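Structure first, commentary second.
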Amino acid sequence: MREPRYENPIYAEALLEQRRLKSLMVPKPLPEDLRFVAGADVSCGRFGSTLWGAIVVCDLKEKLRPAASSVARMEVSFPYLPGLLAFREIPVLKKAWEGLKLKPDVILCDAHGIAHPRGFGEAAHLGVVLGVSSVGCAKSLLCGSFEMPSMERGSWSNLVFEGRLVGAALRTRSRVAPVFVSAGHFSDLPSAIALVMACSPRLRIPEPIRQAHALCNAARRGEAREG
DNA sequence: GCGACAG
DNA sequence: ATCTTGTCGC
(Lines give C-alpha, C1' and ligand atoms only; values in the text may rest on other atoms or scores of the structure.)
Protein backbone atom coordinates (compact mmCIF):
# COMPACT_ATOMS: atom_id res chain seq x y z
CA MET A 1 0.00 0.00 0.00
CA ARG A 2 1.40 3.42 -0.89
CA GLU A 3 0.82 6.49 1.21
CA PRO A 4 0.20 10.06 0.01
CA ARG A 5 3.58 11.21 1.32
CA TYR A 6 4.16 14.09 -1.03
CA GLU A 7 2.18 16.12 1.48
CA ASN A 8 4.97 15.76 4.01
CA PRO A 9 7.13 18.94 4.25
CA ILE A 10 10.27 16.92 3.56
CA TYR A 11 8.95 16.00 0.13
CA ALA A 12 7.87 19.53 -0.64
CA GLU A 13 11.48 20.47 0.13
CA ALA A 14 12.75 17.76 -2.18
CA LEU A 15 10.64 19.14 -5.01
CA LEU A 16 12.15 22.61 -4.50
CA GLU A 17 15.67 21.17 -4.41
CA GLN A 18 14.92 19.20 -7.55
CA ARG A 19 13.86 22.37 -9.32
CA ARG A 20 16.93 24.24 -8.08
CA LEU A 21 19.38 21.55 -9.24
CA LYS A 22 17.60 21.22 -12.56
CA SER A 23 18.38 24.87 -13.28
CA LEU A 24 22.07 23.98 -13.00
CA MET A 25 21.91 21.17 -15.55
CA VAL A 26 23.70 21.90 -18.83
CA PRO A 27 22.48 20.20 -22.04
CA LYS A 28 25.16 19.68 -24.67
CA PRO A 29 26.74 16.85 -26.65
CA LEU A 30 29.00 14.46 -24.73
CA PRO A 31 32.75 14.99 -25.30
CA GLU A 32 34.14 13.27 -28.40
CA ASP A 33 37.17 11.80 -26.65
CA LEU A 34 35.38 9.69 -24.05
CA ARG A 35 37.50 6.93 -22.58
CA PHE A 36 36.53 6.14 -19.00
CA VAL A 37 32.84 5.37 -18.65
CA ALA A 38 31.38 4.58 -15.25
CA GLY A 39 28.24 2.69 -14.36
CA ALA A 40 26.30 3.37 -11.14
CA ASP A 41 23.79 1.12 -9.42
CA VAL A 42 22.23 0.60 -5.99
CA SER A 43 20.84 -2.45 -4.21
CA CYS A 44 18.94 -2.65 -0.97
CA GLY A 45 18.10 -5.14 1.76
CA ARG A 46 14.71 -6.68 2.43
CA PHE A 47 13.22 -3.70 4.24
CA GLY A 48 15.09 -1.13 2.20
CA SER A 49 16.63 0.88 5.02
CA THR A 50 20.19 -0.08 4.10
CA LEU A 51 21.56 0.67 0.67
CA TRP A 52 24.70 -0.44 -1.11
CA GLY A 53 25.87 1.77 -3.95
CA ALA A 54 28.53 0.91 -6.49
CA ILE A 55 30.35 2.68 -9.27
CA VAL A 56 32.58 0.85 -11.74
CA VAL A 57 34.77 2.67 -14.24
CA CYS A 58 35.32 0.86 -17.54
CA ASP A 59 37.89 1.65 -20.21
CA LEU A 60 36.12 2.21 -23.51
CA LYS A 61 39.45 1.88 -25.28
CA GLU A 62 40.26 -1.48 -23.70
CA LYS A 63 37.15 -3.49 -24.53
CA LEU A 64 35.30 -2.03 -21.54
CA ARG A 65 37.71 -3.57 -19.07
CA PRO A 66 37.11 -2.37 -15.47
CA ALA A 67 39.74 0.19 -14.52
CA ALA A 68 38.50 1.20 -11.05
CA SER A 69 35.56 0.64 -8.71
CA SER A 70 34.09 1.62 -5.37
CA VAL A 71 31.28 0.37 -3.14
CA ALA A 72 29.60 2.14 -0.23
CA ARG A 73 26.99 1.26 2.33
CA MET A 74 24.55 3.65 4.00
CA GLU A 75 21.41 3.70 6.15
CA VAL A 76 18.65 5.74 4.56
CA SER A 77 15.29 7.06 5.67
CA PHE A 78 13.96 8.61 2.48
CA PRO A 79 11.42 6.15 0.99
CA TYR A 80 11.16 5.11 -2.61
CA LEU A 81 8.77 7.41 -4.44
CA PRO A 82 8.48 7.45 -8.24
CA GLY A 83 9.87 10.80 -9.30
CA LEU A 84 12.01 11.29 -6.18
CA LEU A 85 14.29 8.28 -6.47
CA ALA A 86 17.39 10.46 -6.47
CA PHE A 87 16.79 11.66 -2.92
CA ARG A 88 16.96 8.08 -1.74
CA GLU A 89 19.89 6.80 -3.80
CA ILE A 90 22.20 9.76 -4.47
CA PRO A 91 23.74 9.93 -0.96
CA VAL A 92 25.20 6.41 -1.10
CA LEU A 93 26.35 6.92 -4.69
CA LYS A 94 28.09 10.13 -3.69
CA LYS A 95 29.88 8.18 -0.98
CA ALA A 96 30.97 5.55 -3.50
CA TRP A 97 32.13 8.34 -5.82
CA GLU A 98 34.39 9.75 -3.12
CA GLY A 99 36.10 6.39 -2.84
CA LEU A 100 36.87 6.21 -6.56
CA LYS A 101 40.54 6.61 -7.38
CA LEU A 102 39.91 7.17 -11.06
CA LYS A 103 37.15 9.63 -11.93
CA PRO A 104 35.33 8.81 -15.20
CA ASP A 105 34.60 11.11 -18.14
CA VAL A 106 30.94 10.20 -17.96
CA ILE A 107 28.67 8.18 -15.71
CA LEU A 108 25.87 5.88 -16.86
CA CYS A 109 23.09 5.60 -14.33
CA ASP A 110 20.56 2.78 -13.91
CA ALA A 111 17.68 5.27 -13.94
CA HIS A 112 16.19 8.03 -16.10
CA GLY A 113 17.85 11.32 -17.01
CA ILE A 114 15.42 13.97 -18.26
CA ALA A 115 12.75 11.36 -19.11
CA HIS A 116 11.12 12.28 -15.83
CA PRO A 117 7.83 13.96 -14.76
CA ARG A 118 9.67 17.19 -13.95
CA GLY A 119 12.57 16.66 -16.35
CA PHE A 120 15.14 15.79 -13.72
CA GLY A 121 15.59 12.09 -12.97
CA GLU A 122 18.30 10.49 -10.89
CA ALA A 123 20.84 10.30 -13.72
CA ALA A 124 20.58 14.04 -14.34
CA HIS A 125 20.60 14.74 -10.61
CA LEU A 126 23.73 12.64 -10.07
CA GLY A 127 25.58 14.40 -12.87
CA VAL A 128 24.82 17.87 -11.52
CA VAL A 129 25.71 16.94 -7.94
CA LEU A 130 29.02 15.33 -8.96
CA GLY A 131 29.79 17.85 -11.68
CA VAL A 132 30.28 15.13 -14.28
CA SER A 133 28.63 14.20 -17.58
CA SER A 134 25.81 11.73 -17.03
CA VAL A 135 23.39 9.60 -19.02
CA GLY A 136 20.25 7.77 -17.97
CA CYS A 137 19.68 4.16 -19.02
CA ALA A 138 16.57 2.66 -17.42
CA LYS A 139 15.01 -0.75 -17.87
CA SER A 140 11.43 0.44 -17.63
CA LEU A 141 9.36 3.56 -18.20
CA LEU A 142 8.57 6.25 -15.65
CA CYS A 143 6.59 8.53 -17.94
CA GLY A 144 6.01 9.21 -21.62
CA SER A 145 5.15 7.00 -24.54
CA PHE A 146 6.95 5.40 -27.45
CA GLU A 147 6.46 3.04 -30.36
CA MET A 148 8.32 -0.23 -30.14
CA PRO A 149 11.52 0.00 -32.20
CA SER A 150 12.25 -2.71 -34.76
CA MET A 151 13.89 -5.92 -33.57
CA GLU A 152 17.48 -5.30 -34.69
CA ARG A 153 20.17 -4.10 -32.33
CA GLY A 154 20.74 -0.38 -32.77
CA SER A 155 17.21 0.56 -33.75
CA TRP A 156 15.44 3.08 -31.57
CA SER A 157 12.32 5.23 -31.38
CA ASN A 158 11.38 8.50 -29.73
CA LEU A 159 10.25 8.63 -26.11
CA VAL A 160 7.81 11.53 -25.90
CA PHE A 161 6.38 13.16 -22.79
CA GLU A 162 3.98 16.10 -22.87
CA GLY A 163 4.82 16.72 -26.49
CA ARG A 164 8.59 16.83 -25.89
CA LEU A 165 11.25 14.43 -27.09
CA VAL A 166 12.78 13.33 -23.77
CA GLY A 167 14.58 10.12 -24.66
CA ALA A 168 14.67 6.95 -26.73
CA ALA A 169 13.62 3.33 -26.52
CA LEU A 170 16.87 1.75 -27.70
CA ARG A 171 17.36 -1.85 -28.77
CA THR A 172 20.84 -2.71 -27.46
CA ARG A 173 20.36 -6.37 -28.36
CA SER A 174 18.34 -7.88 -31.18
CA ARG A 175 14.99 -9.32 -30.20
CA VAL A 176 15.40 -8.32 -26.56
CA ALA A 177 13.40 -5.64 -24.75
CA PRO A 178 14.75 -2.11 -25.36
CA VAL A 179 16.27 0.12 -22.66
CA PHE A 180 15.24 3.74 -22.16
CA VAL A 181 17.99 6.25 -22.77
CA SER A 182 17.80 9.93 -21.87
CA ALA A 183 20.25 12.77 -21.49
CA GLY A 184 21.57 13.84 -18.12
CA HIS A 185 24.09 16.58 -17.19
CA PHE A 186 26.49 17.72 -19.94
CA SER A 187 24.88 15.37 -22.44
CA ASP A 188 22.25 15.15 -25.16
CA LEU A 189 20.19 12.35 -26.69
CA PRO A 190 22.23 11.53 -29.83
CA SER A 191 25.53 11.24 -27.95
CA ALA A 192 23.83 9.38 -25.10
CA ILE A 193 22.47 6.79 -27.52
CA ALA A 194 25.88 6.38 -29.13
CA LEU A 195 27.50 5.89 -25.73
CA VAL A 196 25.00 3.28 -24.57
CA MET A 197 25.47 1.36 -27.80
CA ALA A 198 29.24 1.48 -27.40
CA CYS A 199 28.89 0.12 -23.86
CA SER A 200 26.52 -2.69 -24.85
CA PRO A 201 28.34 -4.63 -27.57
CA ARG A 202 26.54 -7.88 -26.79
CA LEU A 203 24.16 -7.69 -23.83
CA ARG A 204 21.10 -5.60 -23.14
CA ILE A 205 22.49 -3.73 -20.12
CA PRO A 206 25.57 -1.52 -20.62
CA GLU A 207 28.68 -3.20 -19.23
CA PRO A 208 29.56 -0.49 -16.68
CA ILE A 209 26.06 -0.73 -15.18
CA ARG A 210 26.18 -4.54 -15.17
CA GLN A 211 29.48 -4.42 -13.32
CA ALA A 212 28.13 -1.94 -10.78
CA HIS A 213 25.03 -4.08 -10.32
CA ALA A 214 27.12 -7.17 -9.62
CA LEU A 215 29.38 -5.26 -7.25
CA CYS A 216 26.72 -3.78 -4.98
CA ASN A 217 24.83 -7.07 -4.91
CA ALA A 218 27.98 -8.94 -3.93
CA ALA A 219 28.63 -6.42 -1.16
CA ARG A 220 25.11 -6.78 0.21
CA ARG A 221 25.01 -10.57 0.05
CA GLY A 222 28.51 -10.92 1.37
CA GLU A 223 27.59 -8.88 4.41
CA ALA A 224 24.36 -10.77 5.00
CA ARG A 225 26.34 -14.01 5.11
CA GLU A 226 28.55 -12.77 7.91
CA GLY A 227 26.42 -10.80 10.30
C1' DG B 1 -12.45 10.26 -10.73
C1' DC B 2 -9.16 6.49 -12.30
C1' DG B 3 -4.86 4.62 -13.33
C1' DA B 4 0.40 4.92 -13.64
C1' DC B 5 4.46 4.95 -11.15
C1' DA B 6 12.74 4.63 -12.48
C1' DG B 7 14.80 1.48 -8.33
C1' DA C 1 14.40 -3.01 -5.61
C1' DT C 2 13.64 -7.66 -2.76
C1' DC C 3 11.68 -12.66 -1.62
C1' DT C 4 13.67 -17.36 -4.81
C1' DT C 5 15.33 -22.96 -8.25
C1' DG C 6 15.44 -24.78 -11.90
C1' DT C 7 15.45 -24.50 -16.65
C1' DC C 8 15.54 -23.32 -21.62
C1' DG C 9 18.65 -21.43 -25.19
C1' DC C 10 22.79 -19.41 -27.57
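As a basis for the values below, the full set of heavy atoms in this structure was taken, side chains included, without hydrogen atoms, waters or symmetry mates. On a predicted model such as this, the values are computed, not experimentally measured, just so you know. In what follows, chains carry the letters A, B, and so on, assigned in the order in which the sequence lines appear, proteins first and then strands, with residues in each chain numbered from 1.
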Euclidean distance, atom CG of residue A:Leu108 to atom C1' of B:dG7 [Å, nearest integer]: 16 Å
For atom CG of A:Leu142 and atom P of B:dA6, their distance in whole Å: 5 Å
Any A:Arg220 side-chain nitrogen or oxygen under 4.0 Å from OP1 or OP2 of C:dT2: yes
Side-chain N,O (A:Ser140) to OP1/OP2 (B:dC5) below 4.0 Å: no
Separation of B:dA4 C1' from A:Glu162 CD (nearest whole Å): 14 Å
A:Ile107 backbone acceptor or donor facing A:Ser134 side chain under 3.5 Å: no
Nearest-nucleotide pick for A:Asp41, side chain only, options being B:dG7, B:dA6, C:dA1: B:dG7
For atom NE2 of A:His213 and atom P of C:dT2, their distance in whole Å: 6 Å
A:Asn217 side chain near C:dT2 phosphate (N/O to OP1/OP2, under 4.0 Å): yes
Nucleotide nearest A:Arg46 when distance is taken to its side chain, options B:dA6, C:dC3, C:dA1: C:dC3
Interatomic distance, A:Arg88 CZ vs B:dA6 P [rounded to whole Å]: 13 Å
Value in whole Å for how far the C1' atom of B:dC5 lies from CD of A:Glu122: 15 Å
Backbone N/O of A:Arg171 and side chain of A:Ser155: donor-acceptor pair under 3.5 Å: no
From B:dA6, B:dG7, C:dT2, nucleotide with atom closest to A:His112 side chain: B:dA6
Cation-pi, A:Phe180 ring and A:Lys139 (6.0 angstrom, 45 degrees): no
Ring centroids of A:Tyr80 and B:dG7 base under 5.5 Å with planes under 30°: yes
Heavy-atom side-chain proximity of A:Trp52 to A:Leu215 below 4.5 angstrom: no
Sugar-phosphate, base or nothing in reach of A:Gly136, heavy atoms under 4.0 Å: nothing
Value in whole Å for how far the C1' atom of B:dG7 lies from CG of A:Leu51: 10 Å
side-chain N/O A:Lys139 vs B:dG7 OP1/OP2, d < 4.0 Å: yes
Separation of B:dA6 C1' from A:Arg118 CZ (nearest whole Å): 12 Å
Backbone of A:Ala177 reached by a side-chain donor or acceptor of A:Arg204 within 3.5 Å: yes
Closest-nucleotide ordering on DNA chain C, the 5'-leading residue of A:Ser43 and A:Arg173: A:Ser43
Touch class at under 4.0 angstrom, heavy-atom based, for A:Leu84 against every strand present: base
